[in-house]
Amino acid sequence: MPTTTDVLTISSLLSKFNEPETLKMAKLGRELRAKGVDVIDLSLGEPDFDTPVHIKEAAKKAIDDNWSHYTPVAGYPDLREAVCTKLKRDNNLDYKAENIVVSTGAKQSLANAILAVVDAGDEVIIPAPFWVTYSELVKIAGGVAVIVPTSMEDNYKITPATLESYITPKSKLFLFSSPCNPSGSVYTKDELEGLAEVFRKNPGIYIISDEIYEYINFIGKHESIAQFDELKDRIIIINGLSKGFAMTGYRLGYIAASVPVAKACEKLQGQFTSGTNSITQKAAVVAFTTDLKPSMEMTQEFARRRERVKELIATIPGWKCAQPDGAFYVFPEVDYYFGKSDGENKIENADDLCMYLLNVAHVSTVTGRAFGNPKCIRLSFANSLPKIEAAYARIKEVLAKLK
Ligand SMILES: Cc1ncc(COP(=O)(O)O)c(C=O)c1O
């Protein structure tokens with residue numbers, strides 16, 4: 001008789017993609033902390049601020065007003081209108097409610113959008129470094145993630161010539177974030193225009209523009225590639241509440257896209273999760289239509305930390321770093337330490353360095369391998385300045401032991 005473990009198998013899909021390295025590091029950090037170790041978390045992908053008071057009030061009111069039933073799959077009509085208002089106010093983009101689908105986080109919006117346009121064997125061009133989830137969602141959809149390296153000299157941004165050189169008859173989608181997680185790079189209008197020119201020559205390619213860090217921008221106005229009208233039907237904007245409003249746990253993201261893509265996403269979501277949380281949706285209407293002052297204050301604090309982190313990194317031998325223009329991460333090259341050892345721990349790669357920093361310095365970071373650049377590690381500055389100062393002091397001390 002075969003045993004249960006012989007006959008009960010997990011589907012082959014599961015072996016095709018990885019769990020997010022960011023969540024893995026956060027888990028390892030939590031486990032160490034549970035053993036009483038004072039771990040400083042620089043692996044964090046979320047603002048360390050509270051949700052603005054007026055948005056919390058809207059959520060409480062939604063509970064009292066009994067917004068407790070199933071919601072329309074694509075989101076409440078007033079919320080989809082509020083997203084259009086936001087897109088006009090902040091980005092001067094004209095969308096109608098029919099172009100908007102609201103989901104349980106930008107992650108679900110991305111999953112919907114990728115599943116909506118990628119067929120088995122389609123190529124998806126992703127400039128590296130990229131957010132860990134992109135390549136894995138492409139694999140889940142049966143597509144082929146075509147990872148395009150970029151350089152620190154180009155501030156980790158893809159150039160039009162490089163983009164063009166990776167386009168093949170199988171290219172179906174281009175997927176990028178600006179501001180970028182993990183590099184913090186932000187595309188200017190001119191740079192986006194350069195990429196748009198390549199897309200004009202290649203009409204069969206969709207573009208997913210992940211703008212979840214829109215408000216955390218240290219260099220000025222956010223630019224969306226959707227501003228180039230001739231491309232608008234092929235562009236799928238991804239955005240949401242998580243980063244700009246410090247609302248990661250509320251779980252709300254959205255797409256703005258052409259009607260066929262929006263309908264496809266709605267159909268997919270109708271089978272997976274239905275509409276997202278009713279309370280969150282009511283809070284989101286307020287978030288998207290009221291004063292952005294609290295978001296801008298958070299960004300000012302991130303900007304202060306960024307300045308300090310730049311100084312701290314400059315004191316670490318061998319670390320090289322492009323300046324982050326947005327988001328709340330730094331992504332230094334750390335390969336100077338590869339091949340070194342403290343006598344006990346041998347550092348072969350970025351994974352080893354992250355584990356060394358976690359186990360010896362008690363600072364959690366994330367390996368650049370997960371983001372498509374194995375020479376780097378990602379350190380968040382979504383933590384208080386005293387914690388950041390303490391973390392870098394520890395890092396410096398333990399790196400000095402590596403010979
Ligand atoms: C670039 C990027 N896109 C999307 C997301 C997902 O955000 P959400 O919390 O809305 O699912 C994240 C979260 O870390 C991110 O960094």
Side-chain angles (χ1 to χ4, degrees), residues 21-22 24-26 28-30 32-33 36-49 129 152 155-156 179-185 213 216 218 243 298-338 340-342 344-345 347 349-371 373-403:
E21 201 75 38
T22 41
K24 205 167 108 189
M25 279 311 277
L28 286 176
R30 269 199 306 274
L32 260 190
R33 212 171 288 123
V37 179
D38 164 32
V39 177
I40 303 180
D41 197 344
L42 299 189
S43 72
L44 288 167
E46 61 175 336
D48 54 317
F49 301 110
M152 194 159 72
N155 230 328
Y156 293 118
C180 173
N181 174 7
S183 69
S185 56
Y213 291 94
I216 308 167
F218 311 121
K243 316 290 176 173
M298 290 184 228
T299 298
Q300 279 162 13
E301 176 57 21
F302 284 131
R304 269 192 290 278
R305 295 176 191 174
R306 175 185 82 140
E307 291 312 309
R308 185 64 189 128
V309 166
K310 268 171 22 190
E311 291 168 3
L312 291 168
I313 289 203
T315 69
I316 297 185
W319 278 19
K320 284 181 276 162
C321 193
Q323 151 156 312
D325 289 333
F328 39 70
Y329 311 101
V330 277
F331 196 59
E333 278 186 3
V334 295
D335 52 328
Y336 171 81
Y337 290 94
F338 298 174
K340 297 193 193 299
S341 164
D342 68 346
E344 215 175 300
N345 303 281
I347 310 301
N349 51 41
D351 289 41
D352 290 347
L353 193 71
C354 286
M355 289 317 293
Y356 179 68
L357 295 180
L358 180 64
N359 292 324
V360 183
H362 302 148
V363 176
S364 65
T365 57
V366 187
T367 170
R369 178 186 48 77
F371 303 96
N373 187 331
K375 276 176 154 184
C376 296
I377 65 171
R378 189 192 77 174
L379 303 95
S380 165
F381 46 92
N383 209 332
S384 68
L385 263 179
K387 292 261 188 219
I388 290 171
E389 300 267 0
Y392 279 86
R394 290 185 192 181
I395 290 173
K396 210 171 153 185
E397 193 186 323
V398 304
L399 288 180
K401 294 183 189 157
L402 295 175
K403 306 281 178 232

If you look at every heavy atom in [X] and [Y], which pair is closest and at what distance?
{"X": "Cys180", "Y": "Ala327", "result": "O-CB, 3.9 Å"}
{"X": "Ser364", "Y": "Val39", "result": "N-CG1, 4.3 Å"}
{"X": "Asp48", "Y": "Phe302", "result": "OD1-CE2, 4.1 Å"}
{"X": "Tyr213", "Y": "Gly45", "result": "OH-O, 4.4 Å"}
{"X": "Pro129", "Y": "Tyr156", "result": "CD-CD2, 3.6 Å"}
{"X": "Pro47", "Y": "Ala382", "result": "CA-CB, 4.2 Å"}

### Task
For residues 392-403, pull every pair meeting side-chain hydrogen bond (donor to acceptor under 3.5 Å, both in side chains), keeping only residues two or more places apart or in separate chains.
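Every side-chain hydrogen bond (donor to acceptor under 3.5 Å, both in side chains) pair that includes a residue of residues 392-403, provided the two are not neighbours, is Asp38-Arg394.
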### Query
Arg306 and Asp325: side chain to side chain contact (heavy atoms under 4.5 Å, CB included), yes or no, with the steps?
CA-CA 9 Å; Arg306 175 185 82 140; Asp325 289 333; 3.8 Å; yes
I need the [X] [atom1] to [Y] [atom2] distance, nearest 0.5 Å.
{"X": "Ser380", "Y": "Phe331", "atom1": "OG", "atom2": "CZ", "answer": "13.5 Å"}
{"X": "Asp41", "Y": "His362", "atom1": "CG", "atom2": "NE2", "answer": "13.5 Å"}
{"X": "Glu301", "Y": "Phe49", "atom1": "CD", "atom2": "CZ", "answer": "5.0 Å"}
{"X": "Ile313", "Y": "Arg308", "atom1": "CD1", "atom2": "CZ", "answer": "11.5 Å"}
{"X": "Cys376", "Y": "Lys320", "atom1": "SG", "atom2": "NZ", "answer": "9.5 Å"}

### Message
Against Leu312, only a single residue in Ile388, Leu379, Val330, Ile395 fulfils side-chain contact (heavy atoms from CB on, under 4.5 Å); can you say which?
### Response
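Checked Ile388, Leu379, Val330, Ile395 against Leu312; only one passes side-chain contact (heavy atoms from CB on, under 4.5 Å): Ile388.
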### Message
Here's a test for you: under side-chain contact (heavy atoms from CB on, under 4.5 Å), which of Val360, Asn345, Ile347 qualifies with Leu402?
### Response
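Of the listed residues Val360, Asn345, Ile347, the side-chain contact (heavy atoms from CB on, under 4.5 Å) partner of Leu402 is Ile347.
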### Query
Per the side-chain hydrogen bond (donor to acceptor under 3.5 Å, both in side chains) rule, which among Thr22, Thr365, Asn181 passes with Arg378?
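Between Arg378 and the candidates, side-chain hydrogen bond (donor to acceptor under 3.5 Å, both in side chains) is satisfied uniquely by Asn181.
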#### Entry: Results of side-chain hydrogen bond (donor to acceptor under 3.5 Å, both in side chains) for Asp351 - residues two or more places apart only
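By the side-chain hydrogen bond (donor to acceptor under 3.5 Å, both in side chains) rule, Asp351 matches Thr367, Arg369.
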### NZ/NE/NH1/NH2 to OD/OE distance under 4.0 Å, Glu21 and Lys24
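A salt bridge links Glu21 with Lys24.
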#### Entry: Test log, rule side chain to side chain contact (heavy atoms under 4.5 Å, CB included), inputs Tyr337 and Asp352
CA-CA 10 Å; Tyr337 290 94; Asp352 290 347; over 6 Å; no
### Message
Please check if the number of heavy atoms outside Lys340 that lie under 6.0 Å from its NZ is greater than 12.
### Response
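Yes, the 6.0 Å shell around NZ holds more than 12 heavy atoms from other groups.
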### Message
One pair to check against side chain to side chain contact (heavy atoms under 4.5 Å, CB included): Ile377 and Trp319. What are the steps and the verdict?
### Response
CA-CA 10 Å; Ile377 65 171; Trp319 278 19; 4.0 Å; yes
### Query
After noting the C-alpha distance and the side-chain angles of Lys310 and Glu307, does the key distance pass the salt bridge (charged side-chain N to carboxylate O under 4.0 Å, His left out) rule?
CA-CA 5 Å; Lys310 268 171 22 190; Glu307 291 312 309; 3.3 Å; yes
### Task
Keeping the roles fixed (side chain from Asp335, backbone from Phe338), state whether a donor-acceptor pair exists under 3.5 Å.
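The answer is no, because no donor-acceptor pair under 3.5 Å joins these two groups.
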### Query
Does the side chain to side chain contact (heavy atoms under 4.5 Å, CB included) test come out yes or no for Phe328 and Lys243, once each step is laid out?
CA-CA 10 Å; Phe328 39 70; Lys243 316 290 176 173; 4.1 Å; yes
